[in-house]
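Working notes, structure below.
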Amino acid sequence: MKTLITGAFKYSKEQIEKLNSIGCETVFIQDEREKLDIDVSNIEAVICNGLFLYNDISKFKSLKFIQLTSAGFDRVDMEYIKNNNIEIHNAKGVYSAPMAEWVVLKILEIYKNTKFFIKNQDNKVWEKKRDLLELTDKTVTIVGCGNVGSEVAKRLKAFGCKINGVARRQVKYDYIDKVYSMEELNEALKISDIVVLTIALNEDTKHLFNKERFDVMKDEAVLVNVARGAIVKEEDLIEVLKCGKFMGVALDVMENEPLCVSSELWDFDRVLITPHNSFVSDKTGSRLFGMMCENLEKFILGRK
C-alpha cells in the first residue's frame, strides 16, 4: 500500500522499516506546508497533521486511509472524507497525559504566583507573599469531556477540587461530579473558580468564549485554553483583561500561530503563554507510533 508520511512525525530508520514490514510502501516528504511536486494520485494512505491545509485532498485519487498525528479533526475536510469513504483516525489519547499535566502546572503557577518568586530569585530578593491560594474546594469547570478533559479531571480531583463538566453527551464521566449541557454553559461558568477549555474546534465552538461568556465568569476566575486558539475570541479576551478581569489566563494555543509579536497578550503579567507545546513529552512518540501501526495493520488486513 503506497503510503505518504510527513515530517509531522520524526521517524527513526527502524520505524520506517516497521511500516514497510506491515505492507506500507512509504514515500516521505518533510514539510507539509509546501505544495507537493510529486504525483499523489496513487497514494492510498497518508500519515500527516496539516497536509490538507496546504494541498488539495481531491488530487489524492486513490486515498482510502488517513492517520492524523493531531488529536483534532479540524485540519481536514471531514465532509469530503465521509463522501469518499476514507477511513480516518486521529491521535486519540496520545497527548492527553502531558496536556493535563500542563493544565495543572499553569493553574498552580497562577495560584502560587510563581512569576513573583522567579523575578525575586533573579534579583536575589527574599520576600514572602501572603495571598497565595490552594486548590482545595475550588470549583473547576472543564468544557469538553473527551480524553484530555477526562485526564484533567482525574488530576484536579486529587487536589480536592469540585469538578464540573460541560459536554454534548449527558453520561457519567469518571472524576466529574456534575455534567452540564452546552445550553447550560453560562450556568456552569457563573460558579466556576477555574475554567479549562479542552473542547474540539468546529463551526459551533469557534469563538465560543467571547465577551458574553467572559462577562458571566467570576472576575477572579482562572481561564485555561489547551484546546484550539479559535475557541477564544482574542480581541474580546484582551478587552476584558484590560478591565481587570481574571486572576490569571493560561494559553497554549492561539487564533493565529505563532502569536504575533505585536499582540497585547504578551504584555499582561497575569497571562501565561506557551507555543502550542503542552502535548510534548517523552512518551508521546512511542504512543503515537504504536497507534499508527495498529490502525494501519487493521486496515491492511481488512482489505485482504
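Bear in mind the structure is a predicted one, so any value in this text is a computation, not a measurement.
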- prompt: Are the side chain of Thr205 and the backbone N or O of Asn202 linked by a donor-acceptor pair below 3.5 Å?
  reply: yes
- prompt: So if you build clusters from Ile, Leu, Val, Met, Phe, Trp, Tyr with side-chain heavy-atom gaps below 4.5 Å, do Met247 and Val271 land together?
  reply: no
- request: Tell me, with the steps shown, if Asp174 and Lys157 meet salt bridge (charged side-chain N to carboxylate O under 4.0 Å, His left out).
  value: CA-CA 10 Å; Asp174 292 339; Lys157 193 68 177 173; over 6 Å; no
- request: Decide whether Val224 and Leu156 are clustered together by the hydrophobic rule: side chain heavy atoms of Ile, Leu, Val, Met, Phe, Trp, Tyr closer than 4.5 Å, transitively.
  value: yes
query: What about Phe65 and His89, are their ring centers closer than 6.0 Å?
result: yes
task: I would like to know whether Glu79 and Lys82 meet salt bridge (charged side-chain N to carboxylate O under 4.0 Å, His left out); could you show each step before the answer?
output: CA-CA 5 Å; Glu79 185 174 352; Lys82 182 179 179 181; over 6 Å; no
- prompt: Do the side chain of Asn90 and the main chain of Ala71 share a donor and acceptor less than 3.5 angstrom apart?
  reply: yes
- prompt: Are the side chain of Lys10 and the backbone of Gly7 linked by a donor-acceptor contact shorter than 3.5 Å?
  reply: no
message: Looking at Ser62 and Ser41, would you say the former's side chain and the latter's main chain have a donor-acceptor pair under 3.5 Å?
response: yes
- request: Over all heavy atoms of both residues, which pair between Ala97 and Glu151 is shortest? Give the atoms and the distance, please.
  value: N-CG, 4.5 Å
query: Who else is in Ile86's hydrophobic cluster (ILVMFWY, side-chain heavy atoms under 4.5 Å, direct or via others)?
result: Leu4, Val27, Ile29, Leu36, Ile38, Val40, Ile43, Val46, Leu51, Phe52, Ile57, Phe60, Leu63, Ile66, Leu68, Phe73, Val76, Met78, Tyr80, Ile81, Ile88
- request: Flag yes if Val249 and Ile107 sit in one hydrophobic cluster, no otherwise; membership is Ile, Leu, Val, Met, Phe, Trp, Tyr, and two members link when side-chain heavy atoms are under 4.5 Å apart.
  value: no
Glu34 side chain to Asp31 backbone, donor-acceptor under 3.5 Å: no
message: Which residues pass the side chain to side chain donor-acceptor pair (under 3.5 Å) test with Asp122, not counting sequence neighbours?
response: none
statement: Note: with side-chain heavy atoms under 4.5 Å as the link, the other cluster members for Leu105 come out as none
task: Return yes if a side-chain donor-acceptor contact under 3.5 Å exists between Glu32 and Thr6, otherwise no.
output: yes
query: Can Lys129 be said to sit on top of Phe116's aromatic six-ring, NZ or CZ under 6.0 Å from centre and within 45° of the ring axis?
result: yes
- request: Just grab all the salt bridge (charged side-chain N to carboxylate O under 4.0 Å, His left out) pairs involving residues 193-209, residues at least two apart or on different chains.
  value: Asp193-Lys218
message: Ignoring hydrogens, what is the shortest heavy-atom contact between Asn55 and Lys35? Give both atom names and the distance.
response: OD1-CA, 3.4 Å
With sequence neighbours excluded, residues passing side chain to side chain donor-acceptor pair (under 3.5 Å) with Glu184: Ser181
- prompt: Within the distance-only criterion (no hydrogens, no angle test), does the side chain of Ser192 pair as donor or acceptor with the backbone N or O of Ala188 below 3.5 angstrom?
  reply: yes
- prompt: Any donor-acceptor pair under 3.5 Å linking the side chain of Trp266 with the backbone of Cys260?
  reply: yes
task: Report the residues that fulfil side chain to side chain donor-acceptor pair (under 3.5 Å) with Glu264, sequence neighbours left out, ordered by chain and then residue number.
output: Lys242
task: Might you work through the side chain to side chain contact (heavy atoms under 4.5 Å, CB included) test for Glu134 and Lys112, ending with a clear yes or no?
output: CA-CA 8 Å; Glu134 65 178 90; Lys112 306 304 181 185; 3.9 Å; yes
message: Can you confirm whether Val226 sits close enough to Val148 that some side-chain heavy atom of one is under 4.5 Å from a side-chain heavy atom of the other?
response: yes
query: Does Thr3 use its side chain to pair, donor to acceptor, with the backbone of Met1 at less than 3.5 Å?
result: yes
task: Determine, step by step, whether Tyr111 and Leu135 satisfy the side chain to side chain contact (heavy atoms under 4.5 Å, CB included) criterion, reporting the C-alpha distance in whole Å, the side-chain angles of both residues, the deciding distance to 0.1 Å, and the verdict.
output: CA-CA 8 Å; Tyr111 267 31; Leu135 282 167; 3.9 Å; yes
field: Residues which pass ring pair (Phe, Tyr, Trp, His ring centres under 6.0 Å) with Phe9, listed by chain and number, not counting sequence neighbours
entry: Tyr11
- prompt: For Phe279, which residues count as a ring pair (Phe, Tyr, Trp, His ring centres under 6.0 Å) partner, sequence neighbours excluded?
  reply: Tyr95
- request: Sequence neighbours left out, what passes side chain to side chain donor-acceptor pair (under 3.5 Å) with Asp267? Give chain and number order.
  value: none
- prompt: So Glu239 and Lys211, side chain to side chain contact (heavy atoms under 4.5 Å, CB included) or not? Walk me through it.
  reply: CA-CA 8 Å; Glu239 180 183 342; Lys211 190 173 185 302; 3.2 Å; yes
- line: Note: Gly144 and Thr198 closest approach over all heavy atoms is O-OG1, 2.5 Å
For residues 286-294, which side-chain N or O atoms pair as donor and acceptor with protein atoms under 3.5 Å away, sequence neighbours left out?
from: Ser286; atom 1: OG; to: Lys283; atom 2: O; distance (Å): 3.0
from: Arg287; atom 1: NH1; to: Val94; atom 2: O; distance (Å): 2.9
from: Glu294; atom 1: OE2; to: Lys298; atom 2: NZ; distance (Å): 3.3

- request: Report the C-alpha separation of Met182 and Leu208 in whole Å, then their side-chain angles, then the decisive distance to 0.1 Å, and conclude whether the side chain to side chain contact (heavy atoms under 4.5 Å, CB included) test is met.
  value: CA-CA 10 Å; Met182 290 301 294; Leu208 179 65; 3.8 Å; yes
query: Where do Lys162 and Asp177 land on the salt bridge (charged side-chain N to carboxylate O under 4.0 Å, His left out) test, with the steps shown first?
result: CA-CA 7 Å; Lys162 178 184 177 183; Asp177 299 301; over 6 Å; no
message: Taking side chain to side chain contact (heavy atoms under 4.5 Å, CB included) as the criterion, tell me which of Ile194, Ile176, Val152 meets it with Ile163.
response: Ile176
- request: Kindly say whether Gln67 contributes a backbone atom to a donor-acceptor pair with the side chain of Asn295 at under 3.5 angstrom?
  value: no
- prompt: Should we count NZ of Lys92 as having more than 12 external heavy atoms under 6.0 Å?
  reply: no
query: Of all heavy-atom pairs between Asn225 and Val232, which one has the smallest distance, and what is that distance?
result: ND2-CG2, 3.6 Å
- request: Please list, chain by chain and in numerical order, all residues satisfying ring pair (Phe, Tyr, Trp, His ring centres under 6.0 Å) with Phe246, sequence neighbours excluded.
  value: Phe214
query: Which heavy-atom pair separates Ile142 from Cys145 by the least distance, and what is that distance?
result: O-SG, 4.1 Å
Could you pull out every donor-acceptor pair under 3.5 Å between side chains of residues 251-258 and any protein atom, sequence neighbours left out?
from: Asp252; atom 1: OD1; to: Thr274; atom 2: OG1; distance (Å): 2.5
from: Asp252; atom 1: OD1; to: His276; atom 2: N; distance (Å): 3.2
from: Asp252; atom 1: OD1; to: Asn277; atom 2: N; distance (Å): 2.8
from: Asp252; atom 1: OD1; to: Ser278; atom 2: N; distance (Å): 3.4
from: Asp252; atom 1: OD2; to: Asn277; atom 2: N; distance (Å): 3.2
from: Asp252; atom 1: OD2; to: Ser278; atom 2: N; distance (Å): 3.1
from: Asp252; atom 1: OD2; to: Ser278; atom 2: OG; distance (Å): 2.8
from: Glu255; atom 1: OE1; to: His207; atom 2: NE2; distance (Å): 2.8
from: Glu255; atom 1: OE2; to: Glu234; atom 2: N; distance (Å): 2.9
from: Glu257; atom 1: OE1; to: His276; atom 2: ND1; distance (Å): 2.8
from: Glu257; atom 1: OE2; to: Met254; atom 2: N; distance (Å): 2.9
from: Glu257; atom 1: OE2; to: His276; atom 2: ND1; distance (Å): 3.2

Asn123 side chain vs Val125 backbone, donor-acceptor pair below 3.5 Å: no
task: State yes or no: do Val103 and Val143 share one hydrophobic cluster built from I, L, V, M, F, W and Y residues joined by side-chain heavy-atom distances below 4.5 Å, directly or via other members?
output: no
statement: Heavy-atom nearest pair, Tyr173 first then Arg169, reads OH-O, 3.3 Å
